[in-house]
Every structure is written in C-alpha cells, then in structure tokens.
Amino acid sequence: MTAPLIEFRNVSKRFGSLTVLDRITLQIYEAEATTIIGLSGSGKSVLLKHIIGLLKPDEGEILYKGKALSELDKSEMSNYYAQISYMFQGNALFDSMTVYDNIALPLVEKTRLKKKEINRRVMARIEQSELIDAAEKYPSELSGGMQKRVALARALVTDPKIVLFDEPTTGQDPVRKNIILSMIAEYQRKFGFTAIMVSHAIPDVYFISNRILALYDHKIVFQGTPEELEDFEHPFKEEVIHSLEGLKEELTGLYSRRQFKIRYYNELKRKPFQEPYVIAVFSILDLELLSEHFGHETVQVMIRCMGRYIDDHFGSAGGFSNRYGTNEFVTMLPYSDLAEAEEILNNFVEDIQNRGVRDICEMTQEQPSFEDGFTLIVMAGLEQGQQDTTIDAVVNSARNNIREIARLRFGKSEAGNEKISS
Ligand code: ADP
Ligand code: MG
C-alpha cells in the first residue's frame with residue numbers, strides 16, 4: 001500500500017473540559033476522495049481545521065508525506081499551505097466582484113504572479129468550468145448551480161493538490177446536492193487533486209467517495225470503502241441504512257449508485273458463470289445548453305421523468321436502473337445478451353418516439369413547463385459483461401459505445417418526432 005498523504009496519529013483536541021477529538025488516527029491517500037461522516041457537532045469541522053493548521057492538536061501528530069507538521073520549518077510550512085484549498089459551506093463569493101475577479105482573487109492575494117499570467121490561469125479555469133459566458137457577470141446574476149461552479153473554480157485556481165470541502169451540499173435540495181457532488185467528482189478526476197470532504201448527510205457521499213471515515217463519539221470508528229461500511233456493525237449502522245433508503249426516493253425514485261452496485265454484485269453472484277449480461281448507459285445531449293435555455297428546474301424535472309421511464313421500460317425486462325451522474329442513467333439487464341438488449345432498446349426508442357416527452361412525464365406524474373419547443377436528443381450505449389468484469393469497466397465501454405438513439409421534439413409543436421434508425 002502507498003504511504004498516506006496526510007496522517008493523524010493519536011490526535012486529541014480539547015476545548016476546556018470538552019474532548020472533541022479523542023486519540024484520532026487516520027490516513028488520507030493521494031488523489032482519492034475521502035469523506036469524513038459524523039453527526040452534527042461530532043468534530044468534523046474541528047478535524048478539517050487541524051489539516052489546514054487553523055487548530056493545533058493538544059496531543060498527537062499530524063503528518064504530511066510522513067513528516068510531522070510540527071517539525072516543518074517556515075518555508076516547508078508555507079509550501080504545505082500553498083497546496084491546500086478550502087471550500088467553505090456557503091459559496092462565499094464576493095457580490096461586488098465579477099465572476100472573473102472572484103476566480104482571480106486567490107492568485108492576486110496569494111501569489112506574486114504577473115497580471116498576464118493570472119489572466120492566463122483564470123481564463124483556463126473559466127473555460128474548463130464552462131463559465132465563459134458568465135465571466136463578466138456578477139454572482140447575483142447566476143443560478144445557484146453556476147455560483148457553486150464559480151466557487152469551485154476559485155477553490156481550484158491555485159492548482160491545489162488538496163481540496164477540503166466542509167459540508168458542500170448542506171442546505172441544498174436533492175437535485176442540487178446531486179449536481180454539486182457530481183461536479184466535485186468530475187473536477188477531482190479532471191484535475192487529480194486529493195479531495196477531503198466532511199458531511200453529516202451520510203448517503204450523499206456514497207456517490208463520489210473512494211474512502212469513508214466515520215467519526216463517532218469523538219473517535220474514528222471506521223475507515224474503508226463505502227461498500228465495506230455496509231458490512232460494518234456499529235450503533236450508527238441503523239442510521240446509515242435508514243438514510244440510504246431515504247435517498248432512493250429522494251433523487252430520482254431510482255436506486256442510489258451504491259445500492260445499484262450492491263444489487264449488481266448480488267445479481268452476478270446468482271448467475272451461472274460465463275452467462276452474459278448487459279449494461280446500458282443513457283444520457284441527454286447538451287444538457288448544459290438546455291439548462292441555460294430552459295432553466296435548471298425544468299430540465300431536472302425532465303431528466304427525472306426520463307429516468308423513471310427508463311426504469312419502467314427496462315424493469316419489465318428484468319432490468320434495474322440508477323442515476324449515475326447529473327446526466328447519466330445506467331441500467332443493468334442481468335438476463336440479456338447484447339442482441340436481446342439491442343431489441344429491448346429498439347422497443348424503447350419506438351415507445352418514446354410514439355409517446356413524446358409530455359406523455360412520458362404524464363406517466364410519471366410530473367410535468368416540466370416549456371415556453372417554447374425544443375428537441376431533446378437521447379443518447380444510449382450498450383456493452384455486454386461477464387461475471388469476471390468489473391462494473392466500472394463495463395460502464396466505461398458502454399459509455400464509449402454511446403450514440404444518438406432518438407430525437408424528441410416537444411414544447412409548442414409535438415409533431416415531428418424523428419426516428420433514428422439503428
Ligand atoms: P461538526 O461535526 O458539526 O462540524 P464541530 O467540529 O464544529 O462539529 O464542533 C465539534 C464540537 O466542538 C462542538 O461541540 C463545538 O461546540 C465545539 N467547538 C468547535 N470549535 C470550538 C472552539 N473554537 N471553541 C470551543 N468549542 C468549540
Ligand atoms: Mg461543521
């Protein structure tokens with residue numbers, strides 16, 4: 001196993017007679033997303049503050065790449081701090097500054113870079129975060145989701161190696177939670193930083209964490225993968241399971257990603273060896289553009305309809321579905337081979353072409369409202385898997401096979417759904 005990037009060894013912290021951290025030992029690994037879960041008031045923020053040096057332990061050591069922070073000299077210490085960025089609970093954007101100036105701020109304040117170089121770096125981030133059209137706007141002119149993107153871009157503009165997120169989704173509705181988390185996950189993959197999050201909302205974090213640490217009764221009681229947490233016997237296991245069940249309905253009425261994986265592995269265990277199954281990946285083309293044009297809420301309602309519809313249709317063929325990301329549904333067809341899955345998909349295409357989106361949403365009892373019409377382009381990709389292939393590998397190749405399967409015209413004129421022959 002590789003050496004941890006950050007390590008706590010028997011760290012204790014007291015405020016007066018209150019022991020907040022009681023001999024905490026933990027490891028955080030480079031380039032992973034680690035989430036520390038714990039109930040409110042359990043000491044999560046205090047723990048994060050120790051990582052950024054805002055608080056010092058009463059006892060024990062915090063190590064960075066094997067070296068105790070308390071033994072770093074001044075220049076090593078400032079080198080360490082320069083690599084860390086912190087995203088606070090609120091976005092904490094400056095209302096009187098444009099998006100561009102907000103993102104440039106850490107470079108202006110923390111570095112001595114020339115204006116030209118600052119401009120280059122800020123523009124690069126703005127492009128990567130798809131904020132070009134918003135660069136000269138003020139935070140109040142942006143949607144909540146875009147503001148989060150700006151806050152993320154700002155947290156990342158110094159190219160930090162480590163980014164801390166303190167309750168990034170607290171106070172957001174389920175749809176936004178999902179968006180923020182998939183954004184963090186996407187950026188983490190794209191830019192390769194080490195993410196350390198704290199959250200009291202247990203199920204949220206399953207989506208994007210490589211490792212979970214659980215803080216309970218001032219101690220770390222668990223460190224492991226999200227799947228391992230499932231098998232872990234502990235007083236707060238009940239709470240964990242309970243909130244996971246809640247999540248299922250909350251997001252899309254579909255399985256959470258973790259539940260999906262568990263069901264997936266259970267299906268595989270049950271299957272005779274070498275018998276194939278199929279993974280289907282669905283998404284909608286240019287979702288960002290649609291969101292900008294029609295508003296976030298409308299598009300989210302539509303996506304939820306789509307997800308339920310997919311789940312229904314493939315459910316009748318023994319499949320089960322989950323929402324994998326902001327704009328991605330994954331369905332497992334445990335009893336089908338590729339040829340059969342193609343057929344089921346063709347039926348699905350025919351079905352949605354005939355119904356149109358308004359009908360689809362009616363069936364799921366939710367209606368987006370559209371001022372003017374537009375065309376929704378639905379994409380899908382299939383891949384066949386075997387018992388010894390990992391889910392991530394099969395999902396990835398299904399993604400690589402993604403193609404347009406249907407164009408749904410709706411809004412003012414619902415006529416003219418085109419069928420894409422396959
Ligand atoms: P959470 O897990 O909700 O983030 P915190 O880490 O903020 O919890 O707080 C843990 C406990 O430590 C709480 O009881 C809080 O009141 C206490 N605490 C946090 N910071 C301080 C401080 N600077 N002085 C005294 N008590 C504090
Ligand atoms: Mg806190």
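Here the structure is a predicted model, which is why all the values come from computation and not from measurement. In this chain, residues are counted from 1 in sequence order. Every heavy atom of this structure was used, including side-chain atoms; hydrogens, water molecules and symmetry mates were not. Counting starts at 1 for both ligands and their atoms, in listed order.
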When you measure from [atom] to every protein heavy atom, which one gives the shortest distance, and what is it?
{"atom": "atom 14 (O) of ligand 1", "result": "L18 CD2, 3.7 Å"}
{"atom": "atom 7 (O) of ligand 1", "result": "S45 CB, 3.7 Å"}
{"atom": "atom 9 (O) of ligand 1", "result": "V46 CG2, 4.0 Å"}
{"atom": "atom 24 (N) of ligand 1", "result": "F15 CD2, 3.5 Å"}

> With under 30° as parallel and over 60° as perpendicular, where do the rings of F193 and F191 fit, or are they tilted in between?
Replying inline: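 Parallel.
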>> Below 30° counts as parallel, above 60° as perpendicular, anything between as tilted: where do the rings of H313 and F348 land?
In response: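 Rings of H313 and F348: perpendicular, over 60°.
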> Between Y277 and Y264, does the ring centre distance come in under 6.0 Å?
Replying inline: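 Between Y264 and Y277, which both carry aromatic rings, the centre distance is below 6.0 Å.
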>> Minimum distance, heavy atoms only, to atom 13 (C) of ligand 1: which one of S42, S199, G38, G41 is it?
In response: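 Minimum heavy-atom distance to atom 13 (C) of ligand 1 goes to G41.
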> Got Q83 and Y64 here, is their nearest side-chain heavy-atom distance under 4.5 Å?
Replying inline: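 SC-SC contact between Q83 and Y64 confirmed.
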> Between K67 and E61, does at least one N-O distance fall below 4.0 Å, as a salt bridge requires?
Replying inline: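 Looking at K67 and E61, the cut-off is not met.
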> Yes or no on side chain to side chain contact (heavy atoms under 4.5 Å, CB included) for L69 and L72, after CA distance, side-chain angles and deciding distance?
Replying inline: CA-CA 5 Å; L69 290 188; L72 299 185; 3.8 Å; yes
> What part of L47, side chain, backbone, both or neither, has a heavy atom within less than 4.0 angstrom of ligand 1?
Replying inline: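 Near ligand 1, L47 shows nothing, with every heavy atom at 4.0 Å or more.
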> When you look for heavy atoms under 4.0 Å from ligand 1, do you find them on the side chain of V20, its backbone, both, or neither?
Replying inline: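 The answer is the side chain of V20.
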> Would atom 16 (O) of ligand 1 count as contacted, meaning some protein heavy atom under 4.0 Å?
Replying inline: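 No.
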